[in-house]
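Below is one structure; the comments refer to it alone.
Since the structure is predicted, the reported quantities are computational estimates derived from the model, not experimental observations.
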Amino acid sequence: MSLPRRRMYGRTKPAFKGAMSLDQPQSFVKHQSITRDAFLGGRLTLSQPSHGFRAGLDSVLLGAAVGQGRKNLLDLGCGVGTAGFVAMHYGRILNATLVDQNAEIVDLARTNATDNGFAERATVLVADITARGAERQAAGLVENGYDVVIANPPFFADGAGTLAVDRGRADARHMDAAMLDLWIKTAASAAAAGGEIIFVYPSTSLSPLLAGFEQRFGAVTVLPLAPRAEAPVSRVLIRGIKGSRAPMTLLSSRVLHGEGRSFAPEFEAIFRGEARLVW
């Protein structure tokens, strides 16, 4: 069967809003048609459901934000694997464990790992990120075992956004402060001493995100991202170091788009797979 190919950049303006973890209920994903979509200038080609959350800018930025020299990565709420595979593209010695609670989506992530040559370096697991530690370990996650942990959690808070009519889909998109803190807690438990923890999240929910990071990590660094020069910040990348006592750093905002529909040169290079994010 011939599957349509789509690009995440080019003449069509990419949507900056598609940024939650792909945690759809299995009954929803099972009945979706699948598309094959090109990322990083065609260096990655990923299968993903044609409807619901579709990986885009945030997933690529998250993967590109991983520092050089890291060897073991954990991607929490991996969806079809976009962020983890982007990180593996840039980190040639990087091994990755990708985790999602949805078995159907995990199957797609495993297919994507094979199709893009990452099968020997990638382990894809089914696990509930918010479960107790013993349950996560039984599913295959390692405590204090990863030198980088990344996540792009669901982000529709109470009363915010448009929740899907289907209750399962609504739950997948819902994230209050307490649930977000569980994700941060899991990331802290999984990270090794000196490991970096990186989340991408909407700026409107920066307060609980920052509180959770500062409670558990040091050297917290916040990078605000704005879609355009005249627009307010819409996303943040946040990084913490486990075991560090260094103070927080708030970086200057960076603007994704230049003139017209084009990306600013820094981000154009990232989305073409030519450069990682330096921050």
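Rounding to the nearest 0.5 Å places CG of Leu180 at 8.5 Å from CG of Asp176. The structure places CD1 of Ile150 at 9.0 Å from OG of Ser59, a figure rounded to the nearest 0.5 Å. If you take CD1 on Ile270 and CG on Leu256, they are separated by 9.0 Å, rounding to the nearest 0.5 Å.
Counting only heavy atoms from C-beta outward, the side chains of Phe271 and Leu40 never approach each other to under 4.5 Å. In this structure, Leu210 and Ile238 have side chains that are in contact, with non-hydrogen atoms separated by less than 4.5 Å. Proximity of Val220 to Arg239: side-chain heavy atoms (C-beta onward) are nowhere separated by under 4.5 Å. At a threshold of 4.5 Å between non-hydrogen side-chain atoms, the residues Ile198 and Leu62 count as touching. Between Val222 and Leu251 there is no side-chain heavy-atom pair separated by less than 4.5 Å. Leu223 places a side-chain heavy atom less than 4.5 Å from the side chain of Leu225. Two residues are said to be in side-chain contact when any heavy atoms from C-beta on lie closer than 4.5 Å; Ser234 and Thr204 fail this criterion. Between Trp183 and Leu209 there is no side-chain heavy-atom pair separated by less than 4.5 Å.
Between the side chain of His257 and the backbone N or O of Arg228 there is no donor-acceptor pair closer than 3.5 Å. Between the side chain of Arg276 and the backbone N or O of Tyr90, at least one donor-acceptor pair lies under 3.5 Å. Side-chain atoms of Thr45 do not come within 3.5 Å of backbone N or O of Asp37 as any donor-acceptor pair. Remark: side-chain polar atoms of His89 are paired, donor with acceptor, to backbone N or O of Gly273 under 3.5 angstrom. Side-chain N or O atoms of Gln68 include none that pairs as donor or acceptor with a backbone N or O of Gly91 at under 3.5 Å. Side chain of Ser262 to main chain of Glu259: a donor-acceptor pair is present (N/O by atom type, distance under 3.5 Å, no hydrogens or angles).
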For residues 70-88, dump all side-chain donor-acceptor pairs below 3.5 Å to protein atoms at least two apart in sequence or in another chain.
{"residue": "Arg70", "atom": "NH1", "partner": "Asp147", "partner atom": "O", "Å": "3.2"}
{"residue": "Asp75", "atom": "OD2", "partner": "Gly84", "partner atom": "N", "Å": "3.3"}

Please output the side-chain donor-acceptor pairs of residues 184-197 that fall under 3.5 Å, not counting sequence neighbours, one pair per line with the distance.
{"residue": "Thr186", "atom": "OG1", "partner": "Ile129", "partner atom": "O", "Å": "2.7"}
{"residue": "Thr186", "atom": "OG1", "partner": "Leu182", "partner atom": "O", "Å": "3.1"}
{"residue": "Ser189", "atom": "OG", "partner": "Lys185", "partner atom": "O", "Å": "3.1"}
{"residue": "Glu196", "atom": "OE2", "partner": "Gly67", "partner atom": "N", "Å": "2.9"}

Just distance, no hydrogens or angles: give the donor-acceptor pairs under 3.5 Å from side chains in residues 133-144, sequence neighbours left out.
{"residue": "Arg136", "atom": "NH1", "partner": "Ala131", "partner atom": "O", "Å": "2.7"}
{"residue": "Asn144", "atom": "OD1", "partner": "Lys242", "partner atom": "NZ", "Å": "2.7"}

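The ring pair (Phe, Tyr, Trp, His ring centres under 6.0 Å) pairs that include a residue from residues 208-240 are Phe199-Phe213, Phe213-Phe217, where partners are two or more places apart or lie in different chains. Listed by first and then second residue, the side-chain hydrogen bond (donor to acceptor under 3.5 Å, both in side chains) pairs that reach into residues 122-131 are Asp128-Thr130, sequence neighbours excluded. The side-chain hydrogen bond (donor to acceptor under 3.5 Å, both in side chains) pairs that include a residue from residues 110-121 are Arg36-Asp115, where partners are two or more places apart or lie in different chains. Counting only residues at least two apart or in different chains, ring pair (Phe, Tyr, Trp, His ring centres under 6.0 Å) contacts with residues 57-82 are absent. The side-chain hydrogen bond (donor to acceptor under 3.5 Å, both in side chains) contacts involving residues 210-223 comprise Asp181-Arg216, where partners must be two or more places apart or lie in separate chains. Residues in residues 79-99 take part in no salt bridge (charged side-chain N to carboxylate O under 4.0 Å, His left out) pair, two or more places apart or across chains.
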Problem set entry | Residue pair Leu125, Thr97: steps toward the side chain to side chain contact (heavy atoms under 4.5 Å, CB included) verdict | CA-CA 7 Å; Leu125 304 174; Thr97 299; 3.7 Å; yes
For this session: Please test Leu44 against Phe118 for side chain to side chain contact (heavy atoms under 4.5 Å, CB included), starting from the C-alpha separation and ending with a verdict.
Result: CA-CA 11 Å; Leu44 293 179; Phe118 295 135; 3.6 Å; yes
Problem set entry | Phe39 vs Leu46, side chain to side chain contact (heavy atoms under 4.5 Å, CB included): CA-CA, chis, key distance, verdict | CA-CA 8 Å; Phe39 293 81; Leu46 304 178; 3.9 Å; yes
Problem set entry | Working for side chain to side chain contact (heavy atoms under 4.5 Å, CB included), residues Tyr201 and Asn152 | CA-CA 7 Å; Tyr201 217 58; Asn152 180 13; 5.7 Å; no
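Annotation: side-chain contact (heavy atoms from CB on, under 4.5 Å) contacts of Ala269 (sequence neighbours excluded): Glu274, Ala275. The side-chain contact (heavy atoms from CB on, under 4.5 Å) check on Ala219 picks up Ile241, Ser244, Ala246, with sequence neighbours excluded. Remark: Arg254 engages Glu266 in a side-chain hydrogen bond (donor to acceptor under 3.5 Å, both in side chains) (not counting sequence neighbours).
Contact record, Ala226 with Ala231: CB-O, 3.7 Å, taken as the closest heavy-atom pair. Heavy atoms only, all atoms of each residue included: Val149 and Tyr146 are closest at CG2-CB, 4.1 Å. Closest non-hydrogen pair, Leu108 versus Pro49, comes out as CD1-CD, 3.8 Å.
Residues Val255 and Leu237 do not share a hydrophobic cluster, defined by chaining ILVMFWY side chains whose heavy atoms lie under 4.5 Å apart.
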